[in-house]
Asker: 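One structure is given below, represented as structure tokens, and several questions about it will come after.
Note that the coordinates shown come from a computational prediction; the quantities given were computed from them, not determined experimentally. Order of the sequence lines fixes the chain letters, A, B, ..., with proteins taken first and strands second; residue numbering starts at 1 for each chain.
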Amino acid sequence: MSRLIPSEIEPKWQAAWDEAGIFRAKRDPARPKYYVLEMFPYPSGRIHIGHVRNYTMGDVIARYKSSCGFSVLHPMGWDAFGMPAENAAMASGGHPKDWTYSNIADMRGQMKPLGLSIDWSREFATCDLEYYAQQQRMFIDMLEAGLIYRKNAVVNWDPVDMTVLANEQVENGRGWRSGALVERKELTQWFFKISDFSEELLEALDGLDNWPEKVRLMQANWIGKSRGLQFGFETVDAPDGFDRIEVYTTRPDTLMGASFLGISPDHPLARALEAENPDIAAFCAECRRMGTSEEELETAEKKGIDTGLTVRHPLDPSWELPIWIANFILMDYGTGAIFGSAGHDARDLEFARKYGLPVVPTFEPVETPEDFVPADAGGDVYLPPKSEKVRFIKGFAGEEIQTGDEAIAAAISFFEEKGLGTGVTKFRLRDWGLSRQRYWGCPIPVVHCESCGVVPEKRENLPVELPYDEDGKPIDFSVPGNPLDRHPSWRDVPCPACGKPAGRETDTMDTFVDSSWYFARFTAPHAETPTVAEEADYWMNVDQYIGGIEHAILHLLYSRFYARAMHLTGHLPAKCKEPFEALFTQGMVTHSIYRLDDQRIATGVQVIGTESDAELEEYTKTEATRINYLFPEEILEFSDEFGVKKALLRQVLERDGVDPSNSQALSEAWHREFDQRREVKIIPSAKMSKSKKNVVDPVDIVRKYGADTARWFVMSDSPPERDVEWTAAGAEAAFKHLGRVYRMAHDLREAGAPDGGAEDVALEKATHRAIADVTAGIEGFAFNTSIAKLYAFTNTIAKSQASAGAKAQAMRVMAQLLSPMTPHLAEEVWSLLGGAGLVARAAWPEADPAMLVEDTVILPIQINGKRRGEIEVAKEADKATVEALVLAHDAVVRALDGSQPKKLIVVPGRIANVVV
RNA sequence: GCGGGCGUGGUGGAAUGGUAGACACGCGAGACUUAAAAUCUUGUUUUCGCAAGAAAGUGUGGGUUCGAGUCCCACCGCCCGCACCA
């Protein structure tokens, strides 16, 4: 039988690898190590095709590096705490723990058939007591080291469910379950002092050479270093204790254009005024109903309220500015107070225009363009790059014409010399709030005691285990609020310091804490300390980290901080401060959405022919009712005679008895439907979403085609960093190709022919070319080009007239080159053609440079930069020879028409360009 | 709103500043077959042309260069992140 049957060969080779134990990571000081890690998944219960792509990329690297002689660590685990488990418990009963572990078992079962070279002996879940116990130990170490503290912070509060909401649980300002208006509420919470590391985290980005530039840039912007001026405005008739209002500004050079002083609704002055002024109280209350996300604050309409108070301008005491409370000023940034510079800040301008406040530009372009309209004459905000020279019309420090940067520096010096303020470097990066008022997370191991205050739990009392049940019954998640709050037998404990009755902290940790050190834990996953020095020293750092761009900022920045914190508390060596040597961010797997637009459903009547305007309007009104999303298996996709992709409901095909292989009949059926105002619209390359029904299940794919096909396809069609569109046709093509390779290997074994001859040499050269190209593709994270080369190499072997021996040799190399991508097929081909042992253990082939050089090259000839011909020249031909050949070329002779070329450029081995 | 990214045939994409469209899908033609599937051969950027060939062509408009998909500027469109989703 010469057909590839994945369901037979895949389990066979997986068992062989298991038996040989080849994916067990072994600390081997004699060999260089390589640690490849894909971002671990959340155990939702189903693996997603995006996971398949992510893990296949890691697997290609892991298998390749292993063949290159590295001792490879390639582990897998579960980011297992978090809200979905609690949501599930609330929605359909059950317990988050049971839900999570059952999901993990399911997902492991779905992943194993993919044939990933994972060391499963190192698997853990972050909700394992063994894991979070160590996290609690580190919490106490970090608390003692001054890396963790408590302060007040704002959260989204649902007054009906009596719970804190995540940003994603706030929909249009209302709680997603209760529908109640969300409030902003201050709670005392735990924080990591990541802001102490702002400068270091920013500077160290420069050393991350193997990180994508865009990720480093995003992190740099997130940390947001700025140089500005902090100074005070003296108030007029303000309540006691508010003689001065401190502001921080990055544009002190615009101070002479100040139009108002703005403070946050959470500013102490705003709070003081609230007590006596109901209008202000109402306004602040309204502001507090807004969400806490930056996005929401920035996109909300700018609103404010005049406090009636004023401040004196620091450079002109006779100039009084009104104090406004504004919804877009955050208490967390700077001092919670700004001065509005309406000419040079878009938000301030919008605000000033809305409330009729003055707009006073302080500088203008050096060379004013004709169409320039200053902001005070109704123009746009003028905000050129700070490196650009501008002309100051209301300056107070520095030259009249200077750059923004120079003007800012001059303004700061001016204030410092006069003793009015100080230059300050600030960072946008805020401290990392790690408290979550939820059940399903790592308990924060501290106790609140009336006499002693906040006391860390004693180390010998650790771990603080998350209670599974309450009074013998599983915890009930249908009751509003945090279950830990209403769990006396867990909460009530003696104070670790004085022994008096006290209560446990009921906040749990942000799941970002869990994922900020799991990579280190993989080096000693079951140790009784967070890490083991010699293991961490050998395996760390992660040589290649692979994951989604959505983690570019938070997860990766927190991990960089946490690695430093672990170093400071003795849990990681200094070399691990930057734990990820190289980072790769892969794209999504997308899939077409099929949407049935059925206007008959909308109108209830069958309309044929041209519709009237009134009817059209009716369709528009009822749009929502006539859109139906369809599963891919509900439709048949085909290309019409112009190659345009179309789709038909399978139901329709059955009803009309259309032959699906007859494209003419399909096209006719499509037009019949279209004339009936019914069309299946294809929306390509959409993010997979259950509600849009465009999700493909890896389990189905593996069942139908096998893991190798799934792996091959997700790597083949797009560059890894870009999105790839899953198509049934593409998967089919991948499957066919792998079948062809298998058949070629099989047929070779049965055939036989004498060796030798020029064809053998040509095939050998092609083999070395393939080795070089495929290797370059893997090294450069361009797996799609490696696969293109493998297709080409397959075609070359298939067409080659070389001997069977030479072809078998080429096919054995093919097996090796395939082994990172399609490991099962590779083993099968390898063993069919007499390869020794497992191909997974064979050393990676090396391309012989001597086999890569060609004797002659084709040199294209351009005339004025356009290709007009080509010549074949010897590889070593000197410039003069080439020039003579170029000038003798027909097209050149014709173009020159007897005259001399203006210029003749010859790039040896690349191109010749004649300028006439 | 702020920040980041991406735009190349009917489709996914390839291309150290040097032949635009590798490789694959789709489609067309042919072989094999009673037929279909499978497989194999072959063609396929567009326009004009029987052909040889010519012209145009990498979202739009400019610029740098002997030469631009690639570098620079402006614009348009789409996608992603925004601190309690993971």
Side-chain angles (χ1 to χ4, degrees), chain A residues 3 39-42 44 79 81-84 153 155-156 164-170 189 212 214-215 217-218 221-222 224 292-300 302 328 332 346-347 350 428-438 510-512 514-515 548-555 557-558 587-588 638-645 661 663 684-685 687 716-719 721-725 727 729-730 732-734 736-737 739-740 743 782 784-785 787-792 795 798 858-862 864-870 902-905 907 910-915:
Chain A
R3 205 159 64 84
M39 291 180 184
F40 66 164
Y42 181 80
S44 62
D79 190 10
F81 275 134
M83 293 204 316
V155 294
N156 296 309
V164 174
L165 298 179
N167 285 332
E168 66 157 18
Q169 295 175 318
V170 181
Q189 307 202 55
K214 62 178 170 182
V215 173
L217 193 62
M218 284 163 89
N221 288 333
W222 188 257
T292 57
S293 77
E294 184 177 333
E295 182 188 6
E296 205 170 331
L297 294 173
E298 292 269 341
T299 51
K302 309 293 172 278
F328 60 90
D332 293 333
R347 282 184 313 192
E350 185 186 336
R428 203 182 81 101
L429 181 64
R430 308 203 296 255
D431 276 333
W432 169 14
L434 71 108
S435 290
R436 295 292 180 271
Q437 294 71 34
R438 298 183 204 292
D510 177 10
T511 56
F512 274 125
D514 312 335
S515 57
I549 186 70
E550 66 272 22
H551 295 290
I553 298 174
L554 294 183
H555 163 60
L557 188 62
Y558 288 161
M588 286 187 300
F638 66 100
S639 298
D640 70 6
E641 61 270 35
F642 305 108
V644 178
K645 273 197 190 121
S661 61
S663 57
S685 307
K687 189 173 181 168
S716 67
D717 253 24
S718 291
E721 68 276 14
R722 234 189 280 177
D723 292 351
V724 63
E725 170 121 312
T727 63
E732 194 71 42
K736 279 185 195 171
H737 177 75
R740 183 183 182 211
R743 234 175 10 256
N784 56 324
T785 62
I787 286 186
K789 301 297 180 190
L790 285 166
Y791 270 114
N795 290 337
I858 304 290
L859 197 69
I861 297 173
Q862 293 183 331
N864 291 337
K866 283 277 173 194
R867 184 184 177 278
R868 287 293 181 266
E870 61 184 33
K902 280 204 192 118
K903 206 165 180 179
L904 178 58
I905 294 133
V907 183
R910 305 289 329 193
I911 204 161
N913 190 11
V914 187
V915 185

Asker: Enter the distance from A/Glu350:CD to A/Phe328:CZ here, rounded to the nearest 0.5 Å.
Answerer: 8.0 Å
Asker: Could I get a table of every N or O pair under 3.5 Å where one atom is in the protein and the other is in nucleotides 36-47 of chain B?
Answerer:
{"unit_1": "B/C40", "atom_1": "OP1", "unit_2": "A/Arg740", "atom_2": "NE", "d": "3.1"}

Asker: If you round to the nearest 0.5 Å, how far is CG of A/Asn864 from NZ of A/Lys903?
Answerer: 12.0 Å
Asker: In whole Å, what separates the P atom of B/A20 from that of B/A74?
Answerer: 29 Å
Asker: Is there a side-chain contact between A/Arg868 and the phosphate of B/A55, meaning an N or O under 4.0 Å from OP1 or OP2?
Answerer: yes
Asker: Could you list the residues that satisfy ring pair (Phe, Tyr, Trp, His ring centres under 6.0 Å) with A/Tyr42, not counting sequence neighbours?
Answerer: none
Asker: Could you give the NZ-to-P distance, from A/Lys902 to B/C66, as a whole number of Å?
Answerer: 12 Å
Asker: From A/Leu790 CG over to A/Ser716 OG, what is the distance, rounded to the nearest 0.5 angstrom?
Answerer: 11.0 Å
Asker: To the nearest 0.5 Å, tell me how far A/Asn221 CG sits from A/Met218 CE.
Answerer: 9.0 Å
Asker: Write down the distance separating the P atoms in B/U46 and B/G10, rounded off to the nearest Å.
Answerer: 7 Å
Asker: Report the distance from atom CD1 of A/Ile911 to atom P of B/A15, rounded to the nearest whole Å.
Answerer: 18 Å
Asker: With C1' as the reference atom in both, quote the distance from B/G62 to B/G12 in angstrom, rounded to an integer.
Answerer: 31 Å
Asker: Considering every strand and a 4.0 Å limit on heavy-atom distances, what is the contact class for A/Ile905: base, sugar-phosphate, or nothing?
Answerer: base
Asker: I'd like to know if the side chain of A/Arg428 and the backbone of A/Trp222 have a donor-acceptor N/O pair within less than 3.5 Å.
Answerer: yes
Asker: For the pair A/Asp717 and A/Glu725, evaluate side chain to side chain contact (heavy atoms under 4.5 Å, CB included) and give the outcome as yes or no after the intermediate values.
Answerer: CA-CA 8 Å; A/Asp717 253 24; A/Glu725 170 121 312; over 6 Å; no
Asker: Send over the distance from A/Lys214 NZ to B/C2 P, rounded to a whole Å.
Answerer: 21 Å
Asker: Can you list the residues that meet the ring pair (Phe, Tyr, Trp, His ring centres under 6.0 Å) rule with A/Trp432, with sequence neighbours excluded?
Answerer: A/Phe192, A/Tyr558
Asker: Would A/His555 and A/Glu550 satisfy side chain to side chain contact (heavy atoms under 4.5 Å, CB included), going step by step from the backbone distance to the final call?
Answerer: CA-CA 9 Å; A/His555 163 60; A/Glu550 66 272 22; over 6 Å; no
Asker: For B/C25, take OP1 and OP2 only and decide whether either is under 4.0 Å from a side-chain N or O of A/Thr727.
Answerer: no
Asker: So, does A/Asn784 get its side chain near the phosphate of B/A14, meaning an N or O under 4.0 Å from OP1 or OP2?
Answerer: yes
Asker: Donor-acceptor check, side chain of A/Thr511 to backbone of A/Asp514, threshold 3.5 angstrom: yes or no?
Answerer: no
Asker: If only atom types and distance count, is the side chain of A/Ser718 paired as donor or acceptor with the main-chain N or O of A/Asp723 below 3.5 Å?
Answerer: yes
Asker: After noting the C-alpha distance and the side-chain angles of A/Ile861 and A/Arg868, does the key distance pass the side chain to side chain contact (heavy atoms under 4.5 Å, CB included) rule?
Answerer: CA-CA 6 Å; A/Ile861 297 173; A/Arg868 287 293 181 266; 5.6 Å; no
Asker: Which nucleotide wins on minimum distance to the side chain of A/Ser718, given the candidates B/G12, B/C66, B/G4?
Answerer: B/G12
Asker: On RNA chain B, does the nearest nucleotide to A/Thr785 precede the nearest nucleotide to A/Val907 from the 5' side, or the other way round? Give the residue.
Answerer: A/Thr785
Asker: Taking the P atom of each, how far is B/A52 from B/U44, in whole Å?
Answerer: 11 Å
Asker: Which is it for B/G9, anti or syn, if anything within 90° of zero counts as syn?
Answerer: syn
Asker: When we call it a touch if two heavy atoms are under 4.0 Å apart, what does A/Ala733 touch: a base, just sugar-phosphate, or nothing?
Answerer: sugar-phosphate
Asker: Whether A/Asn795 contacts B/A24 is assessed here as follows: a side-chain N or O lying under 4.0 Å from the phosphate OP1 or OP2. Is that the case?
Answerer: yes
Asker: Would you mind reading off the distance between A/Arg867 atom CZ and B/G69 atom C1', rounded to a whole angstrom?
Answerer: 18 Å
Asker: Could you give the distance separating B/C75 and B/U45 at their P atoms, to the nearest angstrom?
Answerer: 36 Å
Asker: Using a cut-off of 4.0 Å between protein heavy atoms and nucleotide atoms, how would you tag nucleotides 74-86 of chain B 5' to 3' with B, S and -?
Answerer: -------SBBBSB
Asker: When all nucleic acid strands are considered with a 4.0 Å heavy-atom cut-off, which category describes A/Asn221: base, sugar-phosphate, or nothing?
Answerer: sugar-phosphate
Asker: Among residues at least two apart in sequence or on other chains, which ones pass ring pair (Phe, Tyr, Trp, His ring centres under 6.0 Å) with A/His737?
Answerer: A/Trp712, A/Tyr791
Asker: Rounding to an integer number of Å, can you tell me how far A/Asn913 CG sits from B/G17 C1'?
Answerer: 13 Å
Asker: How does RNA chain B read in dot-bracket, base by base from 5' to 3', with Watson-Crick or G-U pairs under 3.5 Å and | used when the partner is on another strand?
Answerer: (((((((..(((.....[....)))((((((.......))))))((((....))))..(((((..]....))))))))))))....
